[in-house]
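When reading the values below, keep in mind they use all heavy atoms of this one structure, side chains included, and skip hydrogens, waters and symmetry mates. All figures in this text were calculated on a predicted structure; none of them were measured in a lab.
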Amino acid sequence: MTERYARIIIDISHEKVDRTFDYRIPAGLFDEVAVGSLVLIPFGKGNSMRKGYVVGIAAHADYDPDKIKDIAGIVTDGVSAESLLISLAWWLKERYGSTMNQALKTVLPVKQKVKPKEKKVLKSLLDPSQLINALEEAEKKKYKARVRLFQALMENPVIPYEIAVNQMNLSAATLKPVIEKGYVSLDREEVYRNPVKTEAKERNKVVLNREQQAIVDSFCLDYSQAIRNTYLIHGITGSGKTEVYMELIQRVIEDGKQVIVLIPEIALTYQTVLRFYGRFGNRVSIINSRLSAGERYDQFERARNGDIDIMIGPRSALFTPFSRLGLILIDEEHEGAYKSEVSPRYHAREVAEKRASMQGASLVLGSATPSLEAYTKALLGEYRLFRLTERAKKNSRLAAVSVVDLRQELKEGNKSIFSRNLQALIQDRLEKREQVMLFINRRGYANFVSCRSCGEAIRCPHCDVTLTLHNNSRLVCHYCGYSIPMPDRCPACSSPYIANFGVGTQKIEQMTKKMFPASRVLRMDLDTTSKKGGHEEILTAFSEGEADILIGTQMIVKGHDFPNVTLVGVLAADLSLNTPDYRSAERTFQLLTQAAGRAGRDSRNGDVVIQTYSPEHYSIETAANQDYDAFYQQEMAYRRLMKYPPASGLLTVQFSSRQEDCLIEAAALAAGFIAPLSEQEAVQVIGPVEASVYKINDIYRKILYLKQENYDILIKIRDQIDVFSENHRQLFDQVMIQYDFS
C-alpha cells in the first residue's frame, strides 16, 4: 500500500512554523487527515502525547521512513480557529503561489516573547468560620497586620495585591507565613493590554433612512434563513454606510457570532473605532501595525479566548482567530492597501470570500467608488448589490465641484500652486471661520533634484529612482531609505545650478502660510504621523477646531467626517493619473471622489476645486460629476480592449536577482519555456521587460505579463514555471520568482 506522510507543527506560532516533523499517516486515517487537522502524536524520546497541526501531506518523507512514527489519532472536539487558519494558509499557497511557510506566517499571529502584564491578587482559602478563628488568633497574638488582612478578607475574599501593600501597609514578610499556612493564596492573573486609550461615551442610536433600513432588512432576512451571501453596498460619500454596518453587526453578534471589520489604513481608526466602541463597548478591539508587540499579541489572545466579539483593523485583521465567525465587513473595499505587496500577494477581498465560505459567514463590502472587480461581480449577480443614493444627514448635499485648467492659469500669469478660484474660496472660508482641506498625492518637500546645466537628476545608487528632497535639507530614497545631504554642486558635472522640481506637502504648507499668514495650518502625511498616536493627535486637533487648514496626502481624504469642512482643494489631480499602472484612471477617480466627499457633510454647502492639467480626461470629468456608472462604462471599455482585469486575468511573474546576467538569462529561459504553452492555451505574453523601477537595493528585476480570461490556465502555467525552475536549479538558485495575480 502507498504510504503517506504528514508534516506537523507542534508550536503554533509565527516563529516556529519552519520547524516541522514528519509522521506516517496510518491507513485507517487516510480519509480523515488533511491540512489543518489537529492530531495526536507521540513526541520525543519518551513518546509523550502532544497535539500538532498538519501543514502538509506528501507521498515521500524527508527523513528515514524506518524511524518515522505514526500519528496516534485525530482530535475531534470541534474545529479550532487555528485549524481553519492553517487550511486557509494552504489555500493561500495554492491560489497565490507562495511557500507554505510564507502562507503560515501570514495567517498566524506573531507570538514574540513579550512579558505579560500581570495583576496579583490575594484570595482567602478559608471558609467564614475558619476566617473568624484566624482573626481571633491574630488578635490574641497582637498580629496587627494580620488582623487588618483577615478583616478585609471577611468583607471581600479577593484583594488586589497592590491595595494590600500600598493601602493596607502589608509587607511581604507579613504575607509569607499566612500563605505558607494555607490561609491565603497569592494568584497571578494575566492582564491583556487594551490599545484603545479612550472612554467612549454611548451614542444615541441613529434612526435609519428608507434606503439604509431596506439594506438592513434584506440582510437580516437572509441571515435568519441561513443564507450567507456576499453583499456590495455602493453608497455615495456621506450616505451612512457605517450606520448600516452597525445594524448588521448587531444582528450577527446577537446570534452569538463574531465579526471582523476591515479598514484600509490606520488613519480610519480614529473616528471609526470610537463609533464602534460607543455602540458595542469593550467587546470591540483593534489590531494594526502601530501596536506594540505586546498589544498585538494580546488582542489575538482576547479573540482566541472569546473575550471580544468584534475585531477592527487593516488587512492583517482578516486572520483574527475567531472560531464563531459570522460576518466579515470590508469598508472602502476599493482600497489598494487591501492587496499584499509581499508573498503571498493576496487580496483581502478574495481571502475574505474564502474564509467566509469556510466558516459559514456573510461578507459585506462597502464603498462610494467600488473596485471594478467587485462591481463587475455585482452586475453579474455573483454579489448582491445594494445602493445608497442619498446623504444620511438631513439637509446635507453633495458638494459643488469645479475643475480648474492649470494650463490656462499659467497662460493668464498665475504661477502659484493655488488657482485664483481656490485662493478666493480659501479666503472666504477663513473669514467665515469654516475649515479647509488641501489634498496632494505626494510626500516630501519636492519630487526630485536635478541639474539645470547637464539635466542629470540625483539618483539613489542602490535603486533606479530619483532621491526626494526633505525639509531637513537631506535627499532620501523612498524605496531603501538611502539618505545624503543636499549637495551644493551637481555630482555629475559640478555645476552650482541644481534645484528641486515639483512640490510636496511640506512645500505646500510653507506656501499656504505665506499666502494666508493668519491661518492656522496642520500637515498630515507619513512624516508627521510616523510616531505612535500621530494620526489621532492631528485629527483630534483639526476636529476640535485648532486649525483652519489641513494639508495632506491621500490619508486625509479617506473616511473622515468633519462637519465644519466646507472646502476641499485638490492641488494636482494629474499626479496619480500619470503612474505606470493600468489602474491609474480608476485610482484617480476614486481619490477625487473621496476628496470631494469630505466637503459639505453638514447642512452648509460645500465646494470642491479640482486643479488639473488634464481637465478633459474621463476620470476627472466623471469624478467632478460624481458619476460612478459613467466612469465604470468608459474604464471597462478600456480594460476589455487591453485585456486587463476584470475583463481578463493577469499573472505577473517577477524575476529578481543581485546578479544582472543571471536575471537576464533566467527570465529569457522562462519566457522561452512558456511560449509553446501560451500559444496552446491562447495566453497573451508580454516580456520579459524591466520592472518600472529596475533596481531596488542593488536587486535587479524583470517581469513577464500573462493575460488569459481563464484563471485556471494561468495557475497551470505558474505551476509549470515552478517545475521548470526546479529542473534548472543551478541558475534559478540565484534568481527569486514571485507571482502576482490580478
Side-chain angles (χ1 to χ4, degrees), residues 14 85 88-89 92 96 103 105-110 193-196 241-242 245 249 258-277 284-293 295-300 302-303 308 310-322 325 327-356 363-371 374 524-526 529-536 538-539 552-560 587 590-591 594:
H14 184 283
L85 288 173
L88 186 61
L92 281 169
Y96 298 105
K105 288 182 177 182
T106 298
V107 306
L108 297 178
V110 177
R193 302 160 183 85
N194 190 338
V196 181
K241 291 184 289 293
T242 304
Y245 300 159
I249 291 167
Q258 297 156 319
V259 179
I260 294 171
V261 181
L262 298 190
I263 53 172
E265 59 185 49
I266 191 172
L268 283 176
T269 63
Y270 163 69
Q271 288 177 322
T272 305
V273 173
L274 291 189
R275 291 172 80 174
F276 280 89
Y277 254 72
V284 178
S285 190
I286 60 169
I287 194 84
N288 58 51
S289 59
R290 297 191 181 214
L291 297 185
S292 68
E295 286 174 330
R296 203 176 312 125
Y297 175 65
D298 283 356
Q299 301 329 300
F300 278 125
R302 292 176 71 200
I308 57 173
I310 304 165
M311 181 68 87
I312 302 173
R315 197 174 63 227
S316 60
L318 184 54
F319 306 110
T320 300
F322 279 147
L325 185 65
L327 171 65
I328 302 172
L329 205 154
I330 306 181
D331 190 28
E332 308 291 357
E333 68 79 26
H334 64 274
E335 273 301 317
Y338 287 130
K339 178 70 184 286
S340 171
E341 294 301 318
V342 296
S343 190
R345 296 192 173 195
Y346 68 90
H347 196 290
R349 181 182 59 248
E350 294 173 347
V351 181
E353 280 190 68
K354 181 62 179 178
R355 184 165 184 193
L363 173 61
V364 173
L365 314 172
S367 177
T369 54
S371 63
M524 184 174 177
D525 55 23
L526 285 177
T529 59
S530 56
K531 68 173 184 177
K532 190 172 180 179
H535 289 82
E536 286 81 358
I538 293 169
L539 292 171
T553 51
Q554 54 183 307
M555 63 177 70
I556 72 169
V557 302
K558 295 177 181 173
H560 307 303
R587 287 184 177 149
Q590 289 164 347
L591 277 172
Q594 294 285 334

Please assess Met311 against Val261 for the test side chain to side chain contact (heavy atoms under 4.5 Å, CB included), listing each intermediate value before the final yes or no.
-> CA-CA 6 Å; Met311 181 68 87; Val261 181; over 6 Å; no

From Phe276 atom CZ to Ser285 atom OG, the distance as rounded to the nearest 0.5 Å | 13.0 Å

Of the non-hydrogen atoms in Ile249 and Ile310, which two are nearest, and what is the gap between them?
-> CG2-CD1, 3.6 Å

Heavy-atom closest pair (Leu85 atom, Val107 atom, distance to 0.1 Å) is O-CG2, 3.5 Å

Between His347 and Tyr338, what is the ring plane arrangement, given parallel below 30°, perpendicular above 60°, and tilted in between?
-> tilted

What closest approach, in Å, do His334 and Ser367 show between heavy atoms, and which atom pair accounts for it?
-> ND1-OG, 2.7 Å

Any Ile330 side-chain heavy atom under 4.5 Å of Val364 side chain | no

Minimum side-chain heavy-atom gap Ile308-Phe322 below 4.5 Å | yes

Please determine, by modelled atom types, if Arg302 and Gln299 share a side-chain donor-acceptor pair under 3.5 angstrom.
-> yes

Reported CD-to-CD1 distance for the pair Gln258 and Ile328, which is rounded to 0.5 angstrom = 11.5 Å

Donor-acceptor contact below 3.5 Å, side chain Arg345 vs main chain Tyr96 = no

For Ala368, enumerate each residue passing the side-chain contact (heavy atoms from CB on, under 4.5 Å) test, keeping only those at least two apart in sequence or located in another chain.
-> Thr237, Lys241, Gln594

Would you indicate whether the side-chain heavy atoms of Thr242 and Arg275 approach each other to under 4.5 Å?
-> yes

Locate the shortest heavy-atom distance separating Leu363 from Glu353; write the atom from each residue and the value.
-> CD2-CG, 3.4 Å

Is any side-chain heavy atom of Tyr346 less than 4.5 Å from a side-chain heavy atom of Arg315?
-> yes

Rounded distance [0.5 Å steps], CD1 in Ile287 versus CG in Asp298 | 9.5 Å

Closest heavy-atom pair, Pro264 versus Asp331, reported as atoms and distance to 0.1 Å, is CD-O, 3.9 Å

Is there side-chain contact between Val351 and Phe319, with heavy atoms separated by less than 4.5 Å?
-> yes

Quick one: do Met524 and Leu539 satisfy side chain to side chain contact (heavy atoms under 4.5 Å, CB included)? Show the steps, please.
-> CA-CA 9 Å; Met524 184 174 177; Leu539 292 171; 3.8 Å; yes

Short question: side chain of Arg355, backbone of Leu88 - any donor-acceptor pair under 3.5 Å?
-> no

Can you tell me if Ser340 uses its side chain to pair, donor with acceptor, with the backbone of Val342 under 3.5 Å?
-> yes

Backbone N/O of Leu329 and side chain of Tyr245: donor-acceptor pair under 3.5 Å | no

Any donor and acceptor pair, going by atom type alone, linking the side chain of Glu333 with main-chain N or O of Ala374 inside 3.5 Å?
-> no

What one should report as the nearest heavy-atom pair of Ile312 and Ala317 is C-CB, 4.4 Å

